Amino acid sequence: MGMRITTNMLRRNYTNNLMENIGGLERARQQVETGRRFQWSYEDPTAAAKGMILERRNARNADYIDTAKNAQKWIDSQSDILNQMSTYANQIDESEFMAALNDPTGTEGRSAYAQNLRELQQSLVHSLNTQYGDTFIMAGTDGRNVPFELKDGKLYYQGKDVNDAEAMSELANQTLYVDIGFGMTFYPEGTENAGDIVPSSAFDMAFPGILAVGYGTQPVGINGKGGDMPNNIIVLAGEMADALEKEPFDRDLCNAMWDRFKEGRDELQNQFARVGTKAQLLENTLGRLETEKQNITEQYQDAVGINPALAITNESYAKYSYDAALKIGMSLLGNSLLDFMN
C-alpha cells in the first residue's frame with residue numbers, strides 16, 4: 001500500500017522548494033551586484049583568506065598611489081619655481097649685467113641696470129617664498145614659516161644669515177620622507193643613524209631652497225687683494241647692483257662677481273635637473289603602482305570573483321526558476337480537497 005500524500009505535505013514540500021528558489025535567486029542577485037562568487041567566508045574559506053590578503057594589499061597600494069600623486073604635484077611645483085628662477089638668473093647673467101658692463105653712458109646707464117638687478121633680486125626671493133596651499137614649498141621641513149627674508153642687503157633663510165656656511169649646511173640637509181612602496185625601513189638600534197629612515201627606502205619630498213641659490217662665502221683675489229665674496233646668487237645680485245653704482249667703477253670686481261654669479265647660476269640649473277630626476281622617479285613609480293593595482297585586481301578576481309556574464313546568466317536562470325515555481329504553486333495550491341479525492 002502506497003504512502004498517502006496529503007495536501008499539507010504538498011504545501012510543505014512546495015514551500016521548502018520555493019524558499020530554496022528564493023535563496024538561489026538572492027545569491028545570484030548578490031553575485032551580480034558584488035562580483036563575488038560568495039558572500040560569507042565559510043562558503044569558501046581558502047578563497048576568502050586569499051581575498052582578505054589581496055584586499056589589504058590593494059588598500060596599501062591605493063595609499064601609495066595617493067601619496068605618490070600628491071608628491072608628484074609637490075615636485076612639479078618645485079620644478080616650476082626652479083625653472084622660473086633659472087629664467088631670472090639667466091636674465092641677470094646674459095642681459096642685465098653684461099649690458100651694464102658695456103653701457104656707453106657710464107654711471108647713469110649702469111645705475112639703471114643696477115635698479116633692474118635689484119628688482120630681479122626681489123623676484124628671486126618671491127619665487128623661493130612660493131606656497132603650495134598653505135605650505136611654503138622651498139622651506140625644507142619648516143613649511144609653515146616664510147623661508148627667505150631679504151633685509152638691508154642681507155638674505156636670511158629660516159632666520160639665519162645665508163653667509164653662515166655652518167648653519168646653512170645643516171639646513172640644506174633637511175629631509176621629508178614619504179612611503180610610496182619602496183619598503184620603508186629604519187636603521188636598527190646600535191647603528192650610527194639608529195631610528196632614522198634609510199634614504200633608499202622612501203621618497204624625499206623636501207627641497208631646502210638654500211640649495212638652489214647657494215650659501216656661505218669664498219675668498220676671491222682681485223689685483224693681488226684678497227677678500228670674501230658670497231656664494232648666494234641673491235646676495236650677489238644686490239652686491240653687483242651696488243658695484244655698478246659705486247664710483248670709481250671697479251670693473252675687475254664686477255667681473256669677479258659675474259664669474260661667481262655664473263657658478264651659482266650653473267648650480268641652480270643642476271638643482272633644477274635634480275628635481276627633474278625626482279619627478280621622473282615618481283612617474284616611473286606611479287606606473288609600477290598602477291601595474292601592481294591591475295595585477296592585484298586580476299588575482300582578486302581569480303580568487304573570489306565571478307565572471308560577469310556567468311553571474312548574469314545565473315541570475316536569469318534563478319529568476320526563471322522562481323517565476324516557474326510561483327506559477328506551479330498557484331496551480332497546485334488552488335486545487336481543493338475534492339480535486340485530490342477524485
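Only heavy atoms go into these numbers, but all of them, side chains included; no hydrogens, no water, no symmetry mates. Computed from a prediction, not measured in an experiment: that's the story for all the values here.
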> side chain to side chain contact (heavy atoms under 4.5 Å, CB included) with Met85: which of Leu124, Val125, Asn90?
Replying inline: Leu124

>> Among residues at least two apart in sequence or on other chains, which ones pass ring pair (Phe, Tyr, Trp, His ring centres under 6.0 Å) with Tyr157?
In response: Phe148

>> Would you say NZ of Lys293 has more than 12 non-hydrogen atoms from neighbouring residues, nucleotides or ligands within 6.0 angstrom?
In response: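 Result for NZ/Lys293: open.
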
> More than 12 non-hydrogen atoms from neighbouring residues, nucleotides or ligands closer than 6.0 Å to CD on Glu247, yes or no?
Replying inline: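 Result for CD/Glu247: enclosed.
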
>> Could you tell me if Arg110 sits above the aromatic ring of Phe249, with its cationic atom closer than 6.0 Å to the ring centre and no more than 45 degrees from the axis?
In response: yes

> Cation-pi between Lys278 and Phe203: NZ/CZ under 6.0 Å from ring centre and within 45° of the ring axis?
Replying inline: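 Yes, Lys278 sits over the ring of Phe203.
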
> Could you walk me through whether Glu292 and Asn61 pass the side-chain hydrogen bond (donor to acceptor under 3.5 Å, both in side chains) check?
Replying inline: CA-CA 8 Å; Glu292 177 69 7; Asn61 187 72; over 6 Å; no

>> Please determine whether side chain to side chain contact (heavy atoms under 4.5 Å, CB included) holds for the pair Leu236 and Asn232, giving the CA-CA distance in whole Å, both sets of side-chain angles, and the decisive distance to 0.1 Å.
In response: CA-CA 6 Å; Leu236 267 174; Asn232 184 278; over 6 Å; no

>> Strictly by salt bridge (Lys or Arg N to Asp or Glu O under 4.0 Å), give each pair with a member in residues 68-78 just once, sequence neighbours left out.
In response: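 Counting only pairs at least two positions apart or across chains, no salt bridge (Lys or Arg N to Asp or Glu O under 4.0 Å) contact touches residues 68-78.
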
> Can you name the residues that form a side chain to side chain donor-acceptor pair (under 3.5 Å) with Gln115, not counting sequence neighbours?
Replying inline: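 Counting only residues at least two positions away or on another chain, Gln115 forms no side chain to side chain donor-acceptor pair (under 3.5 Å).
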
> Are Ser86 and Gln269 close enough, and set up right, to give a side-chain hydrogen bond (donor to acceptor under 3.5 Å, both in side chains), and what steps lead you there?
Replying inline: CA-CA 7 Å; Ser86 292; Gln269 293 175 344; 5.1 Å; no

Distance check, rounded to the nearest 0.5 Å: [X] atom [atom1] versus [Y] atom [atom2]?
{"X": "Asn116", "Y": "Gln121", "atom1": "CG", "atom2": "CD", "result": "12.5 Å"}
{"X": "Leu150", "Y": "Arg118", "atom1": "CG", "atom2": "CZ", "result": "11.0 Å"}
{"X": "Glu55", "Y": "Arg60", "atom1": "CD", "atom2": "CZ", "result": "12.5 Å"}
{"X": "Glu96", "Y": "Leu244", "atom1": "CD", "atom2": "CG", "result": "10.0 Å"}
{"X": "Thr107", "Y": "Glu245", "atom1": "OG1", "atom2": "CD", "result": "10.0 Å"}
{"X": "Gln122", "Y": "Ser127", "atom1": "CD", "atom2": "OG", "result": "11.0 Å"}

Ignoring hydrogens and angles, tell me if any N or O in the side chain of [X] forms a donor-acceptor pair with the backbone of [Y] under 3.5 Å.
{"X": "Ser79", "Y": "Ile75", "result": "no"}
{"X": "Asp161", "Y": "Asp164", "result": "no"}
{"X": "Gln174", "Y": "Thr141", "result": "yes"}
{"X": "Thr191", "Y": "Pro188", "result": "yes"}
{"X": "Asn58", "Y": "Leu54", "result": "no"}
{"X": "Thr135", "Y": "Gln131", "result": "no"}
{"X": "Arg251", "Y": "Leu101", "result": "yes"}
{"X": "Ser201", "Y": "Ile197", "result": "no"}

Donor on one side chain, acceptor on other, [X] and [Y], under 3.5 Å:
{"X": "Asn295", "Y": "Gln299", "result": "no"}
{"X": "Gln294", "Y": "Glu290", "result": "no"}
{"X": "Gln158", "Y": "Asp142", "result": "no"}
{"X": "Thr105", "Y": "Asp103", "result": "yes"}

> Listed by chain and number, what are the salt bridge (Lys or Arg N to Asp or Glu O under 4.0 Å) partners of Asp204, not counting sequence neighbours?
Replying inline: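 Result, salt bridge (Lys or Arg N to Asp or Glu O under 4.0 Å) vs Asp204: none returned.
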
> Of all residues at least two apart in sequence or in a different chain, which pass the salt bridge (Lys or Arg N to Asp or Glu O under 4.0 Å) check with Glu149?
Replying inline: none

>> Checking Asp179 against Thr67 for the side chain to side chain contact (heavy atoms under 4.5 Å, CB included) test, could you report, in this order, the C-alpha distance in whole Å, the side-chain angles of both residues, the deciding distance, and whether it holds?
In response: CA-CA 8 Å; Asp179 187 5; Thr67 302; over 6 Å; no

>> Between Tyr132 and Trp74, is the side chain to side chain contact (heavy atoms under 4.5 Å, CB included) condition met? List the steps.
In response: CA-CA 8 Å; Tyr132 181 84; Trp74 187 262; 3.6 Å; yes

> Does Lys246 reach the side chain of Leu253, with side-chain heavy atoms less than 4.5 Å apart?
Replying inline: no

>> Set out, in order, the CA-CA distance, both residues' side-chain angles and the distance that settles side chain to side chain contact (heavy atoms under 4.5 Å, CB included) for Trp258 and Asp93, then state yes or no.
In response: CA-CA 7 Å; Trp258 195 10; Asp93 173 37; 2.6 Å; yes

Please tabulate, one pair per line, all N/O donor-acceptor pairs under 3.5 Å involving side-chain atoms of residues 209-218, not counting sequence neighbours.
residue: Gln218; atom: NE2; partner: Asn231; partner atom: OD1; Å: 3.0

